[in-house]
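The next block holds one structure in the form of C-alpha cells; read it before the comments.
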Amino acid sequence: MELNKYLDVAPEVAAALAAGKPVVALESTIISHGMPYPQNVETALKVEEIIRQTGAVPATIAVIGGRLKAGCSKEDIEHLGKKGLAVTKASRRDLAVLVARGEDGATTVTTTMIIAHMAGIKIFATGGIGGVHRGAETTMDISADLEELSHTPVMVVCAGAKSILDLGLTLEYLETHGVPVIGYGTKELPAFYTRKSGFAVDYEIDTPAELAKAFAVQQELGFQGGMLVTNPIPEEYSMDPEVINKAINDAVAEAKAQGIHGKETTPFLLAKIKDLTGGDSLDSNIQLVFNNARLAARTAMELSKLA
Ligand code: PSU
Ligand code: MN
C-alpha cells in the first residue's frame, strides 16, 4: 500500500505490519486530555507494555509537529502528557490545518481510526468513545466518533460509553449507520465505570477468535465501516452506580450552567467527574484501559492468523 506522505509509521510497527504480525493502535486524547500528568504518561506506557506482553505491537497514534504518527516514541508520549490540555484535541476537521501548520494534535477515537487505517492497522483499544450527548435533540452535539465508525474499517475495543452521553440515542445512531455493537461476554452495553447500562448490545461474543472472525468477514464482505466491541470493566474495579451516576448528573448540570459547548464538552465533563469522585474514577479508568488493551491484543493475534 502506498503510504500517505504525511504519515510516519514507527519502524517496529512497520516491520510488524509487513510481516502480518498483530498490531494494536492506541489514542492520544486520553493522554493529553483524559488524565492528569504524570498518571497519563505512566498509563500510556503501561498500556503499551501490556500489549507487548500479550504478544502484539502497540502503536500509539498522535500528530507531532505536523506529522501523523502511527507509533509514538517514549519521548513523544512524555511530550503529549506534559503538554496536556495545550495539545489541540484533534478530530477529523482539525487534521488538515494541524498538519499544514506543523502543530501537535492529540488524536480522538475518530482521528486514531483514520491514522490507524492509513497505516494498515485494524484494531484499536481505548477507554470510552464519544457519542450522542444528552440534549442532542437541541444542541446537535453528536461525536464525530460515530460517523467515523460508520465508514472507517477499524475495530474499536472500548468499555462502552459513559452516561454523560445519551446511551440509547448513541445506539440508535450506530444502528442507523450500520455499525455492529458487540458485547464481549455480555448482552448488555457496559457504561464505562459500571458493567451495566440497561441497554442491549446487538450481539454477545465470548472469545477473541470469534471477534476476529466477525471482523474479517465484515471486511471480506467489502463493508467499509468499523465494529464496536464493548468490554465491561472488571468487576473488582467497577464503581458504585449510585456514586458515579450522581457525579455524572452533577457534571452535566454544571456544564449546562456554565454554557460549555462544542469540543470542550467531553473534556469538561470528564474532568468534573474526576473532581467529584475524588480520583476513584481515575483508578477505574486506568484499569479498564488495561483490560481493553489485553482484549484488543488477543483479538489482533487471532486476526493475524486469519490473514
Ligand atoms: N469519552 C471518554 N473518554 C475519553 C473520550 C471520550 O469516556 O477520553 C475522548 C476520546 O478521545 C473520544 C473523544 O474520541 O473524547 C470524543 O470527544 P467528543 O465528544 O468531543 O467527540
Ligand atoms: Mn461534540
Side-chain angles (χ1 to χ4, degrees), residues 25-36 39-40 43-44 47 60-63 80-81 84-85 87-95 105-116 124-150 152 154 156-167 169-170 173-174 189-194 197 226 228 230-233 239 244 247-248 251-252 255-256 259-274 277 281-282 284-289 291-293:
L26 299 161
E27 67 157 295
S28 46
T29 290
I30 194 171
I31 304 174
S32 297
H33 294 249
M35 291 181 193
Q39 287 98 329
N40 54 3
T43 303
V47 172
T60 297
I61 304 236
V63 186
L80 291 164
L85 300 180
V87 184
T88 301
K89 177 183 157 195
S91 191
R92 179 178 267 274
R93 59 107 185 253
D94 303 288
L95 270 195
T107 54
T108 61
V109 168
T110 297
T111 41
T112 303
M113 289 179 75
I114 293 172
I115 296 169
F124 157 30
T126 187
I129 60 155
V132 180
H133 278 266
R134 297 194 201 170
E137 59 276 23
T138 51
T139 63
M140 288 183 68
D141 189 353
I142 299 174
S143 175
D145 293 353
L146 301 185
E147 200 66 30
E148 206 61 48
L149 277 162
S150 77
T152 300
V154 171
V156 178
V157 180
C158 68
K162 295 194 176 94
S163 52
I164 57 174
L165 303 170
D166 187 319
L167 298 181
L169 291 187
T170 299
Y173 195 99
L174 289 167
L189 179 74
F192 197 92
Y193 298 115
T194 56
S197 65
L228 187 64
T230 63
N231 185 26
I233 184 171
M239 294 185 71
I244 193 64
I248 287 172
V252 171
K256 201 169 173 202
I260 306 291
H261 63 274
K263 70 191 288 188
E264 301 312 326
T265 302
T266 298
F268 177 93
L269 292 172
L270 300 183
K272 202 83 212 162
I273 290 162
K274 206 199 84 218
T277 53
S281 62
L282 178 60
S284 296
N285 195 344
I286 291 170
Q287 293 297 335
L288 66 82
V289 174
N291 191 47
N292 296 340

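Read the numbers this way: they start at 1 and go in the same order the structure lists the ligands and their atoms.
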Contact partition for Thr108 relative to ligand 1, non-hydrogen atoms under 4.0 Å: both
Among protein heavy atoms, which lies nearest atom 16 (C) of ligand 1, and at what distance? Asp145 OD2, 3.7 Å
N/O to N/O below 3.5 Å, does that happen between Lys89 and ligand 1? yes
Heavy atom of the protein closest to atom 4 (C) of ligand 1 (residue, atom name, distance): Leu270 CD1, 3.6 Å
Hey, which atoms in ligand 1 end up nearer than 4.0 Å to a heavy atom of Phe192? 7 (O)
Would you mind checking which non-hydrogen protein atom is closest to atom 7 (O) of ligand 1, with the distance to 0.1 Å? Lys162 NZ, 2.3 Å
If the cut-off is 4.0 Å to any non-hydrogen atom of His133, which atoms of ligand 1 fall inside it? 19 (O)
Which residue and heavy atom of the protein sit nearest atom 21 (O) of ligand 1, plus the separation: Ser143 OG, 2.7 Å
Using a plain distance cutoff, I'd like to know if Thr266 has any nitrogen or oxygen under 3.5 Å from a nitrogen or oxygen of ligand 1. yes
In chain order, what residues pass the side-chain contact (heavy atoms from CB on, under 4.5 Å) check against Leu169, with sequence neighbours excluded? Val132, Glu137, Asp166
Atom nearest to the Mn ion (ligand 2) - Asp141, N, O or S atoms considered: OD1
So, the side chain of Asp145 versus the backbone of Thr110: is there a donor-acceptor pair under 3.5 Å, distance only? yes
Is the closest N or O pair between Val109 and ligand 1 shorter than 3.5 Å? yes
Nearest non-hydrogen protein atom to atom 9 (C) of ligand 1, with distance, is Thr29 CG2, 4.1 Å
Using a 4.0 Å cut-off to any heavy atom of Glu27, which atoms of ligand 1 qualify? 10 (C), 11 (O)
To the nearest 0.1 Å, how far is atom 1 (N) of ligand 1 from its closest protein heavy atom, and which atom is that? Gly128 O, 3.7 Å
